[in-house]
Amino acid sequence: MIKKCLFPAAGYGTRFLPATKAMPKEMLPILTKPLIQYGVEEAIQAGCDTMAIVTGRGKRAIEDHFDISYELEHQIKGTSKEHYLTEIRDVIDKCTFSYTRQIEMKGLGHAILSGETLIGHEPFCVILADDLCDNNGGDSVLSQMTELYKKYECCIVAVEEIDIKNSNKYGIVDGDFIEEGVVKVTNMIEKPDTKDAPTNLAIIGRYILTPDIFDVIRETKPGKGGEIQITDALLEMAKHGKVIAYKFKGHRFDCGSVEGFVEATNYFFEKEK
Ligand code: UTP
């Protein structure tokens, strides 16, 4: 039902400097695969076939990754190394990629608005590729959400329970459970201090958004950190009963932090060896 997936990938990735000086952090690999390829594979599994990528600097690396490298293909064709390209070839065959640039880094909400030109007027998924999710062979987190969308047809944010001490790193939601694992959102706060956090339900980098979000973002003033926050725009939508939070099944790694990145590397190494 939902065909397009937006990947905001324009952030500076300062926590990974100098690695991210000339390369977006979404190209950092967990084992041999860049973070953004894991994200694209998750989107394909959820039924998407159109990937819309919002880039900043380092655009070439992402574009080149999702393109055919004729020279490389020619070099390894018929050799024992050919299988290394099987997965990425499969990804390229299954979907199309389009790109736009976020000219100024004004926050995640602004990055999503920059993607409007690629999305148009239809519901869409959003993946922040630095949040790497795995559900051990079960439905991916985004698949669980697109399934839920069929029932509720409104904006959905994926949430997980965090240690409340870390509330200042996340958007936090509040609301009422309407079925197991599903909360009708009544309030959302971006990165609150622990004393101001209404719950420990933190938003992670998976969203389903309806296209009316674009008009709301356009009206959203800069919030926390002077950035245009998607959390603030979604709060506006929630006031009209249009947002639910979903406690997903699976594991999330915060690969935007060095600690989470190492944890993910160890996890996938154990899983794949
Ligand atoms: P982060 O908050 O992780 O910021 O962005 P960052 O700049 O990438 O990383 P640090 O904190 O400097 O290390 C969350 C997601 O939103 C995207 C990022 O690319 C990342 O996927 N983003 C953020 C944008 O695309 N544009 C922005 O202006 C801000």
Side-chain angles (χ1 to χ4, degrees), residues 5-30 34-40 42-43 51-63 65 97-119 124-133 141-142 157-160 162 166-172 188-192 202-207 209 213-214 217-218 220-234 252-264:
C5 186
L6 186 71
F7 293 81
Y12 289 119
T14 47
R15 284 167 291 170
F16 268 94
L17 283 170
T20 48
K21 187 162 175 259
M23 170 182 89
K25 72 174 164 187
E26 290 75 11
M27 284 302 294
L28 291 172
I30 297 294
L35 285 168
I36 193 154
Q37 188 180 333
Y38 285 93
V40 168
E42 185 178 336
M51 309 299 153
I53 303 180
V54 178
T55 59
R57 79 269 99 82
K59 169 186 161 114
R60 284 265 317 267
I62 297 181
E63 277 198 24
H65 185 70
F97 294 85
S98 54
Y99 300 86
T100 190
R101 272 203 182 212
Q102 185 186 11
I103 306 294
E104 287 176 281
M105 304 310 143
K106 292 200 217 159
L108 179 56
H110 181 260
I112 291 174
L113 183 59
S114 307
E116 182 181 20
T117 169
L118 305 176
I119 298 295
F124 60 102
C125 303
V126 177
I127 289 185
L128 305 185
D130 49 351
D131 265 347
L132 179 53
C133 294
V141 175
L142 202 64
V157 296
V159 291
E160 72 175 11
I162 55 147
N166 294 324
S167 64
N168 63 355
K169 295 184 186 155
Y170 296 91
I172 301 289
M188 305 177 104
I189 311 175
E190 181 63 19
K191 302 190 173 82
I203 304 172
I204 65 131
R206 298 288 180 280
Y207 305 76
L209 301 175
I213 192 77
F214 293 126
I217 301 174
R218 257 187 284 280
T220 303
K221 302 265 177 306
K224 197 104 188 177
E227 296 190 335
I228 297 173
Q229 301 288 354
I230 188 65
T231 312
D232 295 339
L234 280 167
R252 176 200 65 117
F253 299 94
D254 173 14
C255 293
S257 74
V258 175
E259 196 187 10
F261 186 86
V262 172
E263 207 188 312

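This one's a predicted model, so the numbers in the text were calculated from it and none came from an experiment. Order of appearance sets the numbers: ligands from 1, and atoms from 1 within every ligand. All values below come from the heavy atoms of this structure, side chains included, with hydrogens, waters and symmetry mates left out.
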Can you tell me which residue and heavy atom of the protein come closest to [atom], and the distance to 0.1 Å?
atom	result
atom 21 (O) of ligand 1	P8 O, 3.1 Å
atom 25 (O) of ligand 1	A10 N, 3.0 Å
atom 7 (O) of ligand 1	Y12 N, 2.9 Å
atom 18 (C) of ligand 1	G11 N, 3.6 Å
atom 16 (O) of ligand 1	L108 CD1, 3.6 Å
atom 28 (O) of ligand 1	G107 N, 2.9 Å

Are any non-hydrogen side-chain atoms of [X] and [Y] less than 4.5 angstrom apart?
X	Y	answer
I36	P24	no
I30	C255	yes
D254	D131	yes
L35	F253	no
Y170	I203	no

key: Side chain K224, main chain K191, donor-acceptor under 3.5 Å   =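 Checking the backbone N and O of K191 against the side chain of K224, a donor-acceptor pair under 3.5 Å is found.
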inquiry  = Is it the case that the side chain of E190 and the backbone of D232 share a donor-acceptor pair, with hydrogens and angles ignored and the cut-off at 3.5 Å?
reply    =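 Checked: no pair found.
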request  = Using a 4.0 Å heavy-atom cut-off, say whether E227 meets ligand 1 through its side chain, its backbone, both or neither.
outcome  =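 Near ligand 1, E227 shows nothing, with every heavy atom at 4.0 Å or more.
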ask   = Does ligand 1 have a heavy atom under 4.0 Å from the side chain of V54, from its backbone, from both, or from neither?
value =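 None of V54 does.
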With a cut-off of 4.0 Å, which atoms of ligand 1 are near a heavy atom of [X]?
X	result
R15	3 (O), 9 (O), 10 (P), 11 (O), 13 (O)
T14	10 (P), 12 (O), 13 (O)
A111	24 (C), 25 (O), 26 (N)
M105	28 (O)
D130	3 (O), 20 (C), 21 (O)
Q102	24 (C), 25 (O), 26 (N), 27 (C), 28 (O)

inquiry  = Would you say that more than 12 heavy atoms from the other residues, nucleotides or ligands in this model lie under 6.0 Å from the CD of E259, or not?
reply    =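 Incorrect, the count does not exceed 12.
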inquiry  = Could you check whether atom CZ of R101 has more than 12 heavy atoms from other residues, nucleotides or ligands sitting under 6.0 Å from it?
reply    =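 Yes, the 6.0 Å shell around CZ holds more than 12 heavy atoms from other groups.
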request  = Using protein heavy atoms only, decide if any is under 4.0 Å from atom 5 (O) of ligand 1.
outcome  =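 So far as the 4.0 Å threshold goes, atom 5 (O) of ligand 1 is out of reach of every protein heavy atom.
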4.0 Å protein heavy-atom contact status of atom 2 (O) of ligand 1, strictly under =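 Flag for atom 2 (O) of ligand 1 set to false, no protein heavy atom closer than 4.0 Å.
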Output side-chain donor-acceptor pairs under 3.5 Å for residues 104-113, partner residues at least two apart or in another chain, one line each.
residue: H110; atom: ND1; partner: Q102; partner atom: NE2; Å: 2.9
residue: H110; atom: ND1; partner: E104; partner atom: O; Å: 3.4

ask   = Hey, does H110 sit under 4.0 Å from ligand 1 if you only count heavy atoms?
value =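 The answer is no, since H110 has no heavy atom less than 4.0 Å from ligand 1.
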query = R218: what forms a side chain to side chain donor-acceptor pair (under 3.5 Å) with it, not counting sequence neighbours?
reply =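 Partners of R218 by the side chain to side chain donor-acceptor pair (under 3.5 Å) criterion, ordered by chain and then number, come out as E116, D215.
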message = Test your reading of the structure: does L128 have an N or O sitting under 3.5 Å from an N or O of ligand 1?
response =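 No, since none of the N or O atoms of L128 sits under 3.5 Å from an N or O of ligand 1.
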query = Which one of E26, K25, E104 has a non-hydrogen atom at the shortest distance from atom 9 (O) of ligand 1?
reply =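 Looking at heavy atoms only, K25 sits closest to atom 9 (O) of ligand 1.
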message = Ring centroids only, cut at 6.0 angstrom: are F7 and F97 within range, meaning strictly under it?
response =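 No, the ring of F7 stays outside the 6.0 Å limit from the ring of F97, centre to centre.
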